[in-house]
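Just below is one structure, and these are the notes that go with it.
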Protein chains: 2
Amino acid sequence: MPARSVAKAALSSDALCCDPLTEAPLSPGEADDLAQVLAALADPVRLRLLSIVAAQGEACSCNLEVPLGKSQPTISHHTRVLSEAGLIVGDRRGKWIWWRIVPDRLATLRRLLGGR
Amino acid sequence: MPARSVAKAALSSDALCCDPLTEAPLSPGEADDLAQVLAALADPVRLRLLSIVAAQGEACSCNLEVPLGKSQPTISHHTRVLSEAGLIVGDRRGKWIWWRIVPDRLATLRRLLGGR
DNA sequence: ACTATAGATCGACGTCCATCGATCCACAAG
DNA sequence: CTTGTGGATCGATGGACGTCGATCTATAGT
């Protein structure tokens, strides 16, 4: 089985390339892009989802309902938001979709938050 | 003039002390605290406000209305959200309030976003 | 083909939030 | 004390979002 990816990219791939926000004023467009990714992170359920996936390296949607205490449509909604923000990617293997985090995305975020 | 601070702390001062979300699953409480700070950042106007303050080192509320294109009550609302999240602090000097960023807060945020 | 299960989509509901006009409070200069 | 200005608060409004039941699609096994 070829393990097809189900990742979706809603944000233009070349977004989030600007300087850290502590370096120079953000343009409205840059601020919109960054706010969209931060909004994907700014939810307790999605943060816990992300931390579970990261801690396990990989997690299946069906294994997230119980620890997060949310219904299946809600889990599907949150994985969708996170994947559209580029923070996680999913591989369908058989009936299951296995999610893992995108380290580069978090690194980009950390850079934009002003380090260095 | 003694330059009194107008900073407000809405989040308990010892919050955001947990491990990076890539290290271990977040507890619901930790996720709530982190989500609150991220929500403060997840707005285009507040991101631009923050970047302007950071770029200038210090900025007065009255100098933010024009570049941000928002009304005075809206600017006041956004500075309130950011200061309650601990991301900026304000000093009242005379009639004006001068805002500056809190580098430690951004550093904490970067740490929680998984980097080392 | 039939059945069972994982996940996505739809529709609705309730809540939260960004925004702004109007108003009130704080401070400083006459 | 009065006036003018910077900022905070209030109330209303419109839109965005989290949540879930119901339903639809996709895949696997029999």
Side-chain angles (χ1 to χ4, degrees), chain A residues 1-8 10 28 31-32 35-50 53 58-85 88-100, chain B residues 1-8 10 28 31-32 35-50 53 58-85 88-100:
Chain A
M1 296 142 201
R4 301 165 300 166
S5 170
V6 292
K8 315 156 188 174
D32 284 342
Q36 183 180 335
V37 179
L38 288 170
L41 277 178
D43 179 273
V45 175
R46 287 195 286 270
L47 286 175
R48 292 172 58 208
L49 194 161
L50 212 57
V53 171
E58 229 175 20
C60 161
S61 294
C62 57
N63 292 332
L64 293 171
E65 299 181 28
V66 170
L68 293 176
K70 299 295 174 183
S71 68
Q72 179 269 322
T74 299
I75 300 296
S76 180
H77 164 69
H78 287 307
T79 52
R80 184 180 199 271
V81 172
L82 286 172
S83 74
E84 286 183 350
I88 60 175
V89 291
D91 281 327
R92 176 177 282 274
R93 297 205 280 269
K95 296 188 294 187
W96 303 275
I97 295 183
W98 292 87
W99 300 97
R100 61 179 190 279
Chain B
M1 292 141 199
R4 300 165 303 166
S5 169
V6 294
K8 315 155 188 175
D32 284 342
Q36 183 179 334
V37 179
L38 287 170
L41 276 178
D43 179 275
V45 175
R46 286 196 286 268
L47 286 174
R48 291 172 59 209
L49 194 162
L50 212 57
V53 171
E58 230 175 18
C60 162
S61 294
C62 57
N63 292 332
L64 292 170
E65 298 181 26
V66 171
L68 293 176
K70 300 294 174 183
S71 69
Q72 179 269 321
T74 299
I75 300 296
S76 180
H77 165 68
H78 287 308
T79 53
R80 184 180 200 272
V81 172
L82 287 172
S83 73
E84 286 184 349
I88 61 175
V89 290
D91 281 328
R92 176 177 283 273
R93 295 205 280 269
K95 295 188 296 187
W96 301 275
I97 295 182
W98 292 87
W99 300 98
R100 62 180 191 278

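In what follows, chains are A, B, ... by sequence order, proteins preceding strands, each numbered from 1.
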Please tell me if [X] has a side-chain N or O lying less than 4.0 Å from either OP1 or OP2 of [N].
X: A/S76; N: C/dG7; value: no
X: A/R92; N: C/dA6; value: no
X: B/R46; N: C/dA18; value: yes
X: A/K95; N: C/dG7; value: no
X: B/K70; N: C/dA18; value: no
X: A/S71; N: D/dC20; value: yes
X: B/R80; N: D/dG7; value: no

Stepwise side-chain contact (heavy atoms from CB on, under 4.5 Å) test for B/Q72 and B/S76: CA-CA 6 Å; B/Q72 179 269 321; B/S76 180; 4.0 Å; yes
Can you tell me the distance, in whole Å, between the [atom1] atom of [X] and the [atom2] atom of [N]?
X: B/R48; N: C/dA18; atom1: CZ; atom2: C1'; result: 14 Å
X: B/W98; N: D/dG6; atom1: CH2; atom2: P; result: 12 Å
X: B/L49; N: D/dG7; atom1: CG; atom2: P; result: 12 Å
X: B/L38; N: C/dC16; atom1: CG; atom2: P; result: 19 Å
X: A/I97; N: D/dT25; atom1: CD1; atom2: C1'; result: 12 Å
X: A/E65; N: C/dA6; atom1: CD; atom2: P; result: 8 Å
X: B/H77; N: D/dG11; atom1: NE2; atom2: C1'; result: 14 Å
X: B/L64; N: D/dG7; atom1: CG; atom2: P; result: 9 Å

By nearest atom, which of the nucleotides C/dA18, D/dG6, D/dT19 is closest to the B/C60 side chain? D/dG6
If you check every side-chain atom of A/W96, which of D/dG18, D/dG6, C/dG7 has the closest atom? C/dG7
Does the side chain of [X] reach to within under 4.5 Å of the side chain of [Y], using non-hydrogen atoms?
X: B/R48; Y: B/K70; answer: no
X: A/V53; Y: A/L82; answer: no
X: B/Q36; Y: B/D32; answer: no

Students often get this wrong, so: under 4.0 angstrom with heavy atoms, is A/H78 touching a base, only sugar-phosphate, or nothing? sugar-phosphate
At 4.0 Å (heavy atoms only), tell me whether B/S61 reaches a base, stays on the sugar-phosphate, or touches nothing. sugar-phosphate
A/P73 or A/V45: which one's nearest nucleotide on DNA chain D is closer to the 5' end? A/V45
Is a donor-acceptor contact shorter than 3.5 angstrom present between the side chain of B/Q72 and the base of D/dA8? yes
Derivation of the side-chain contact (heavy atoms from CB on, under 4.5 Å) call for B/L41 and B/L50: CA-CA 9 Å; B/L41 276 178; B/L50 212 57; 3.5 Å; yes
Closest heavy-atom pair and its distance - A/V45, A/D43: N-OD1, 2.9 Å
